[in-house]
Amino acid sequence: MHPLICHPNYLSLAPQIAISCAVTSTAEQGLLLRYQVTGELETVKLPLPTTPAPKDGLWEHTCVEAFIAAQGEPSYHEFNLAPSGLWAAYAFDAYRERRPWTTPDAPHSRIYRDHAALILELELPASALPDYPNALALDIGVTAVLETQTGTLSYWALHH
């Protein structure tokens with residue numbers, strides 16, 4: 001598990017919450033990202049479960065994100081997943097330069113509590129991942145947005 005760090009401008013949750021993420025990858029099955037949130041979980045606002053479907057703007061509430069790129073390339077793909085089951089998938093030619101793209105298969109999610117932790121799993125099947133035919137390796141970035149019960153947001157990443 002890799003600890004995520006709260007952005008310094010949004011430290012209101014940092015003393016109460018800790019987040020970490022593990023990434024498992026296989027060529028046949030794709031990627032599994034397992035986020036673990038511990039601490040005062042009652043402070044985190046979770047959206048109600050709904051039928052999984054694509055939706056923009058998930059970063060305005062509690063969600064997890066994965067950024068995937070061929071190592072050394074400016075283009076990348078972004079996947080967002082809310083604990084509700086809603087998801088989003090985007091393609092970018094460069095930083096925030098979005099281009100049209102639709103993933104052929106939807107990501108899957110699972111949320112549960114385990115030993116006083118909230119576990120959010122984001123599964124990206126191999127068929128949902130973009131094809132990087134010339135890539136020797138992939139760079140994967142993981143982030144999370146947490147919303148409190150009062151509506152305050154905090155932003156978490158491996159580094160800022």
Side-chain angles (χ1 to χ4, degrees), residues 1-7 10 12-14 16-71 76-92 101-132 135 137-149 151-160:
M1 297 294 277
H2 300 281
L4 300 186
I5 301 163
C6 187
H7 190 281
Y10 303 92
S12 64
L13 274 183
Q16 305 160 355
I17 294 291
I19 305 175
S20 57
C21 183
V23 178
T24 306
S25 170
T26 65
E28 300 80 30
Q29 294 184 353
L31 292 175
L32 176 65
L33 294 91
R34 186 174 190 263
Y35 293 80
Q36 179 175 292
V37 183
T38 58
E40 297 179 23
L41 300 177
E42 66 279 359
T43 62
V44 178
K45 183 176 182 180
L46 296 175
L48 296 173
T50 188
T51 303
K55 181 165 175 35
D56 284 330
L58 295 178
W59 55 85
E60 295 172 353
H61 303 282
T62 297
C63 78
V64 296
E65 303 169 322
F67 298 85
I68 303 168
Q71 197 169 56
Y76 64 97
H77 290 79
E78 176 182 344
F79 295 88
N80 304 158
L81 188 66
S84 63
L86 296 174
W87 59 273
Y90 307 102
F92 297 87
W101 177 74
T102 303
T103 181
D105 287 310
H108 307 285
S109 67
R110 190 169 88 149
I111 180 171
Y112 60 94
R113 288 189 186 243
D114 180 22
H115 306 294
L118 178 67
I119 309 296
L120 296 155
E121 290 183 341
L122 168 58
E123 181 184 342
L124 299 171
S127 59
L129 295 172
D131 187 21
Y132 296 108
L138 295 180
D139 287 329
I140 301 171
V142 294
T143 64
V145 177
L146 291 185
E147 181 179 14
T148 66
Q149 296 293 343
T152 302
L153 297 176
S154 61
Y155 304 93
W156 303 72
L158 294 170
H159 59 85
H160 296 279

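Keep in mind that the numbers below use all heavy atoms, side chains included, and drop hydrogens, waters and symmetry copies.
Contact of the Glu121 side chain with the Tyr112 side chain is registered, since non-hydrogen atoms from C-beta on lie closer than 4.5 Å. Using a 4.5 Å heavy-atom cutoff, the side chains of Leu46 and Leu118 are in contact. Side-chain atoms of Val142 and Leu122, non-hydrogen and from C-beta on, never get closer than 4.5 Å to each other. The closest side-chain heavy-atom distance from Thr143 to Leu4 is not below 4.5 Å. The side-chain heavy atoms of Arg34 and Thr24, taken from C-beta on, include no pair separated by under 4.5 Å. In this structure the side chain of Tyr90 reaches within 4.5 angstrom of the side chain of Asp56, judged on heavy atoms.
Here the SG-CE distance, from Cys21 to Met1, works out to 6.5 Å after rounding to the nearest 0.5 Å. Atom CD of Glu42 is separated from atom CD of Gln16 by 8.5 Å, given to the nearest 0.5 angstrom. Distance check: Ile19 CD1 to Thr38 OG1 gives 8.5 Å after rounding to the nearest 0.5 Å. Interatomic distance, CG of Leu146 versus NE2 of His61, reported as 13.0 Å (0.5 Å rounding). Rounding to the nearest 0.5 angstrom, the gap separating the CG atom in Asp105 from the CG atom in Leu124 is 11.0 Å. Here CD1 of Ile111 is found 9.5 Å from CD1 of Ile119. Values are rounded to the nearest 0.5 Å.
Looking at Ser25, its side chain never comes within 3.5 Å of a backbone N or O of Leu31 through a donor-acceptor pair. Panel note: side chain His160, backbone Ile5; a donor-acceptor pair is recorded below 3.5 Å. In this structure, the side chain of Thr148 does not engage the main chain of Thr43 through any donor-acceptor pair within 3.5 Å.
Counting all heavy atoms, side chain and backbone alike, Pro107 lies closest to Pro125 at CA-CD, 4.3 Å. Across all non-hydrogen atoms, the minimal contact from Val44 to Gln149 is O-NE2, 3.0 Å. Closest approach of Ala66 and Leu33 over heavy atoms only: CB-CD2, 3.7 Å. Taking both residues in full, the closest heavy atoms of Leu86 and Leu58 are given as O-CD1, 3.6 Å, listed atom of the first, atom of the second, then distance. Contact between Glu65 and Asn80 at its shortest, heavy atoms only, is CG-ND2, 3.3 Å. Thr62 and Glu147 make their closest contact through OG1-N, 3.0 Å (heavy atoms, listed as atom of the first residue, atom of the second, distance).
The aromatic rings of Trp101 and His77 sit perpendicular to each other, their planes meeting at more than 60°, with 30° as the lower class boundary.
The side-chain contact (heavy atoms from CB on, under 4.5 Å) test with Trp87 is passed by exactly one of Pro54, Cys63, Ser109: Pro54.
Every residue was checked against the side-chain hydrogen bond (donor to acceptor under 3.5 Å, both in side chains) condition with Glu123, not counting sequence neighbours, and none meets it.
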